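Structure first, then comments.
Starting from 1, each residue takes its place in the sequence as its number. Predicted model, so just to flag it, every value in this text is computed and none were measured.
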Amino acid sequence: MRLPWRPLAVNPAPGRRASSVTAGVLNFVPASSTIDAHSLEQLQAFVSRATRLFVISGAGLSTESGIPDYRSEGVGLYARTDRRPMQHAEFVRSAKSRQRYWARNFVGWPQFSSHEPNSAHKALQQWEERGKLHWLVTQNVDALHSKAGQKRLTELHGCTHRVKCLGCGAVSPREELQRRFAALNPEWGVQAGAVAPDGDVFLEDEQVLHFRVPSCQDCGGTLKPEVTFFGDTVNRTTVEFVHDRLAESDALLVTGSSLQVYSGYRFLLAASDRKLPVAILNIGPTRADHLAELKVSGRCGDVLSVIQPL
């Protein structure tokens, strides 16, 4: 029987820090009320009942590692700036747009790639180790789940740590491309400002006019991060694979996602069709609140780190 959901507010457990988020990254984490013990008990019961838990993670997990998201109220990039992410069609058709994208990415990469997993990533990896987590699907492209050691993982939108040739399909490490950028642009350099969720930074057009972009070493084709840009679609084989893992699961937990993008929301619709119990841990409303039997509003690290995978 599906229980009505309501946002629940949790005080940290005695002796624990008030937040797992360091002061330096709080600007990227939306404000939220503390969480009461009852909501933690409900989420603990939800996780305990599951034997093959399916988890979907979003940008709300990575904000606690210092990576901003796009949509969070007041602190997301949409709220704080007029910047918008690269569109797939623009990247493919315009060499100038690719030059601008890669110049910004080159500057932002050292900072973006240095981010580390936080307590939420580590908790989910421990759930996998203890046999609770059947599969994790992340909408993030920052590799933080992989860095935490997650193995039963699908990066739904790809990963910025890999580069793919649009011509021959060859995949190579992003670090290797960084070295090629540096070799081609030995005198070029500007200081990185705020880094976007995909590693992009803001630069003026005149700053990138002479930036040189390498081609694929195998075929001379166009290089692109192995990520799904806005306006593109997720690979059908990947979607089918995730649906198969969901079919093997007995509960679904959303962590840190508003589910505004259909590529992730579709799995909530599928879970509803299968009558799987759904819980959502997120600050602020989500597109699937009406499908959840439990909704908890709080920082993912604070909550997941105290839930035991019994």
Side-chain angles (χ1 to χ4, degrees), residues 1-8 10 13 20 35-58 60-61 64 117-140 144-146 148-156 239-259 264-283 286-310:
M1 176 176 168
R2 177 159 292 156
L3 302 174
W5 74 266
R6 60 186 179 90
L8 297 164
V10 177
S20 64
I35 311 170
D36 62 55
H38 180 58
S39 67
L40 280 182
E41 289 170 2
Q42 288 184 299
L43 186 58
Q44 178 67 72
F46 178 90
V47 172
S48 296
R49 287 194 299 269
T51 59
R52 298 171 70 82
L53 184 64
F54 184 98
V55 175
I56 297 177
S57 75
L61 232 70
E64 298 179 30
N118 59 57
S119 57
H121 297 98
K122 294 172 183 176
L124 291 171
Q125 190 275 331
Q126 290 167 5
W127 291 12
E128 178 187 292
E129 276 191 353
R130 296 179 62 175
K132 172 62 65 174
L133 191 151
H134 176 59
W135 205 262
L136 190 152
V137 175
T138 184
Q139 300 170 96
N140 301 332
L144 293 185
H145 283 296
S146 294
Q150 203 84 42
K151 298 292 191 296
R152 303 180 69 82
L153 171 70
T154 295
E155 294 167 322
L156 189 63
V239 173
E240 291 174 352
F241 177 86
V242 173
H243 274 299
D244 289 343
R245 302 293 77 73
L246 179 62
E248 298 164 351
S249 305
D250 61 0
L252 188 156
L253 172 65
V254 176
T255 58
S257 176
S258 64
L259 298 168
Y265 178 63
R266 75 177 94 200
F267 302 114
L268 273 295
L269 296 177
S272 179
D273 289 342
R274 294 178 177 276
K275 303 194 182 317
L276 294 182
V278 172
I280 298 176
L281 167 60
N282 189 63
I283 299 174
T286 83
R287 191 177 180 181
D289 284 350
H290 65 290
L291 301 176
E293 69 175 44
L294 173 64
K295 171 74 183 294
V296 179
S297 179
R299 296 186 179 110
C300 295
D302 291 347
V303 174
L304 296 181
S305 60
V306 299
I307 299 297
Q308 297 301 312
L310 304 175

Please tell me if the side chains of [X] and [Y] come closer than 4.5 Å, counting only heavy atoms from C-beta onward.
X    : Y    : value
N140 : S57  : yes
L268 : I56  : yes
I307 : L40  : yes
L53  : W127 : yes
E293 : F46  : yes
F54  : L253 : no
L153 : T138 : yes
P309 : L133 : no

Look only at the side chain of [X] and the backbone of [Y], and say whether a donor-acceptor pair between them is shorter than 3.5 Å.
X    : Y    : answer
S48  : Q44  : yes
K132 : A50  : yes
K151 : G149 : yes

What is the distance from atom [atom1] of [X] to atom [atom2] of [Y], rounded to the nearest 0.5 Å?
X    : Y    : atom1 : atom2 : value
L156 : Q139 : CG    : CD    : 6.5 Å
L144 : K122 : CG    : NZ    : 10.5 Å
H121 : Q126 : NE2   : CD    : 13.0 Å
S249 : R52  : OG    : CZ    : 6.5 Å
N282 : T255 : CG    : OG1   : 8.5 Å
N118 : C300 : CG    : SG    : 8.0 Å

Can you list everything that forms a ring pair (Phe, Tyr, Trp, His ring centres under 6.0 Å) with F267? Sequence neighbours excluded, please.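 For F267, the residues satisfying ring pair (Phe, Tyr, Trp, His ring centres under 6.0 Å) (neighbours in sequence not counted) are H243.
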Partner set under side-chain hydrogen bond (donor to acceptor under 3.5 Å, both in side chains) for [X], not counting sequence neighbours:
X    : result
E128 : Q150
R130 : none
T286 : D289

Non-neighbouring partners of R152 that pass salt bridge (Lys or Arg N to Asp or Glu O under 4.0 Å), sequence neighbours left out: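 Counting only residues at least two positions away or on another chain, R152 forms no salt bridge (Lys or Arg N to Asp or Glu O under 4.0 Å).
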| query | Which is it for L124 and L61 under the side-chain contact (heavy atoms from CB on, under 4.5 Å) test, yes or no, and what are the steps along the way? | reply | CA-CA 11 Å; L124 291 171; L61 232 70; 4.0 Å; yes
- Message: Please verify the inter-ring angle class for Y265 with H290; under 30° counts as parallel, over 60° as perpendicular, anything in between as tilted.
- Response: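 Answer is tilted, since the angle falls between 30° and 60°.
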Looking only at non-hydrogen atoms, find the nearest pair between P117 and A148 and report the distance.
->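 Here P117 and A148 meet closest at CG-N, 3.6 Å.
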Practice item. Could you pull out the closest heavy-atom pair between G298 and L281, with the gap in Å? Key: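 For G298 versus L281, the nearest heavy atoms are O-CD1, 3.7 Å.
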So I280 and V296, side-chain contact (heavy atoms from CB on, under 4.5 Å) or not? Walk me through it.
CA-CA 6 Å; I280 298 176; V296 179; over 6 Å; no
Inter- and intrachain pairs under salt bridge (charged side-chain N to carboxylate O under 4.0 Å, His left out), touching residues 240-253, at least two apart: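 Matches after skipping sequence neighbours: R245-E248.
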